[in-house]
Number of protein chains: 2
Amino acid sequence: MQLTMTGEYAIRAMLHLASLPPGDSTQITEIASLWEIPENILRKIISQLAKAQLIFTQRGIGGGIRLAQPADKLTLLDVIEAVEGKIYLTKCLIGPDFCSRTSWCAVHLVWCEAQQKMKEILSSKSLAELVAINDFRKSQVQSLSSSQANGLNNIELNYS
Amino acid sequence: MQLTMTGEYAIRAMLHLASLPPGDSTQITEIASLWEIPENILRKIISQLAKAQLIFTQRGIGGGIRLAQPADKLTLLDVIEAVEGKIYLTKCLIGPDFCSRTSWCAVHLVWCEAQQKMKEILSSKSLAELVAINDFRKSQVQSLSSSQANGLNNIELNYS
DNA sequence: GCCAAATGAGAGTTTTTTAGTCACCTTTGA
DNA sequence: TCAAAGGTGACTAAAAAACTCTCATTTGGC
């Protein structure tokens with residue numbers, strides 16, 4: 001019940017691409033070193049993202065990768081589903097074969113609702129928006145830590 | 001990113017217990033055969049549910065298991081967390097050690113929201129309510145299939 | 001006290017999934 | 001033709017999940 005490293009890495013890479021000026025490209029090795037991703041693994045992830053048509057790739061000298069769609073049209077859900085396949089919170093949501101009780105089971109309905117809501121939230125913000133929020137919050141963290149001597153309150157994080 | 005069989009089995013067992021008259025108990029073997037659960041596995045799950053104080057167990061002749069709390073106070077979230085531990089949709093939601101960017105990362109916030117919403121939905125209905133819905137829907141399915149010759153529309157299932 | 005019926009618990013196995021590695025292939029521009 | 005980029009498949013290692021087996025413990029009734 002957890003995002004895999006593949007999904008995690010894909011998100012990092014796409015977020016990096018989304019932070020570049022539109023149309024700009026970069027290299028796999030660059031992303032791998034900046035975002036702590038094993039290069040061989042990133043290669044395969046990039047290949048999957050290209051097959052899902054989220055990015056363009058170009059081989060050879062001067063080549064690299066870049067977004068195939070505007071950063072404000074892409075969401076976390078797009079990225080995750082591109083590398084992990086469609087999200088199914090339970091096996092019974094894949095299809096009616098898993099469980100003979102699906103036709104009347106109330107638990108199925110609850111999972112269905114949870115899954116739908118989760119997809120909604122994962123697609124509620126574009127990569128462009130996420131990059132913008134990051135930039136803003138990063139600058140906040142910096143100004144906070146530089147004025148740490150003042151004892152200003154830190155940013156609140158929620159590990160419920 | 002999916003419920004394990006352990007969680008699935010635990011839910012089946014708890015739903016069965018919740019469907020009994022309050023205070024009634026039953027045996028592991030009974031639940032295992034009724035709900036298609038390997039008995040040895042169910043033993044351990046039952047043991048976990050007991051440690052989490054969701055059920056009472058009693059050994060010996062005439063023993064068995066029963067709910068330790070009223071069925072309308074228990075939710076799917078209780079059951080899942082009892083056997084699978086707390087739900088964390090990503091590693092960075094477990095704690096700040098996984099990722100150095102947590103303090104400002106917008107993706108973290110989105111996952112946080114998704115996780116919170118998912119927990120909300122999983123605890124929005126009590127086991128008692130789920131049992132009641134099941135009973136109602138089962139009777140609907142039966143009356144539908146007995147009048148199938150009329151070509152009545154079937155219950156709609158959503159595999160988005 | 002003994003027996004049978006019930007849960008409890010630990011070690012170990014098998015299977016599946018995830019993560020990562022390695023070696024080599026293909027494309028491409030200078 | 002070379003070097004720099006991405007592409008691919010086979011493989012291994014590690015972790016998690018699912019399951020099996022065996023024996024221990026508790027308990028009520030005879």
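Remember, predicted model here, so these are calculated numbers, not experimental data. In what follows, every chain begins at residue 1, and chains take the letters A, B, ... in the order their sequences are listed.
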- request: Assess whether side-chain contact (heavy atoms from CB on, under 4.5 Å) is satisfied between A:L17 and A:L54, documenting all intermediate values.
  value: CA-CA 11 Å; A:L17 289 175; A:L54 302 192; over 6 Å; no

message: A side-chain contact here means heavy atoms from C-beta on lying under 4.5 Å apart; do B:M118 and A:I121 qualify?
response: no

- prompt: Under 4.0 Å between a side-chain N or O of A:Q58 and OP1 or OP2 of C:dG29?
  reply: yes

- request: Check the hydrophobic clustering (I, L, V, M, F, W, Y; side-chain heavy atoms under 4.5 Å; chains of links allowed) and say if A:L34 and A:I28 are grouped together.
  value: yes

message: From CD of B:E39 over to P of C:dA5, roughly how many Å is that when rounded to an integer?
response: 13 Å

task: Write down the distance between CD (B:Q48) and P (C:dT7), rounded to a whole number of angstrom.
output: 16 Å

message: Just the rounded figure in Å: distance from P of D:dT27 to CD of B:Q27.
response: 16 Å

statement: Whichever of A:I61 and B:T29 has the more 5' nearest nucleotide on DNA chain C, that residue is B:T29

query: How many angstroms lie between CG in B:L49 and NZ in B:K51, if you round to the nearest 0.5 Å?
result: 11.0 Å

- request: Identify which one of B:R66, B:M14, B:Q69 satisfies the side chain to side chain contact (heavy atoms under 4.5 Å, CB included) criterion when paired with B:I55.
  value: B:M14

query: Separation of A:F56 atom CZ from C:dT27 atom C1', in whole Å?
result: 17 Å

query: Of the residues in residues 3-15 of chain B, which ones touch DNA chain D at a heavy-atom distance under 4.0 Å?
result: B:T4, B:M5, B:T6, B:Y9

Separation of D:dG6 P from A:I37 CD1 (nearest whole Å): 13 Å

message: Measuring from atom OG1 of A:T29 to atom CZ of A:R43, what distance do you get when rounded to the nearest 0.5 angstrom?
response: 9.0 Å

query: Between A:G62 and A:M1, who's closer to the 5' end of DNA chain D by nearest nucleotide?
result: A:G62

query: Between atom CD in B:E30 and atom P in C:dT7, what is the gap in whole Å?
result: 11 Å

Return the polar atom pairs (N/O with N/O) between nucleotides 8-10 of chain C and the protein under 3.5 Å, or none.
residue, atom, partner, partner atom, Å
C:dG8, OP1, B:T57, OG1, 2.9
C:dG8, O4', B:R59, NH2, 2.6
C:dG8, O6, B:R43, NH1, 3.2
C:dA9, OP2, B:S47, OG, 3.1
C:dG10, O6, B:K44, NZ, 3.3

statement: Rounded to whole Å, the CZ-C1' distance (B:R66 to C:dA6) equals 15 Å

- request: Indicate yes or no for a side-chain donor-acceptor contact from B:N134 to the backbone of A:A106 under 3.5 Å, with no hydrogens or angles considered.
  value: yes

query: So do the side chains of B:L122 and B:T75 get within less than 4.5 Å of each other, counting heavy atoms only?
result: no

message: Rounded to whole Å, please give me the gap between NZ in A:K91 and P in D:dA17.
response: 10 Å

- request: State whether the side chain of B:D135 and the backbone N or O of B:A132 hold a donor-acceptor pair below 3.5 Å, judged by distance alone.
  value: no

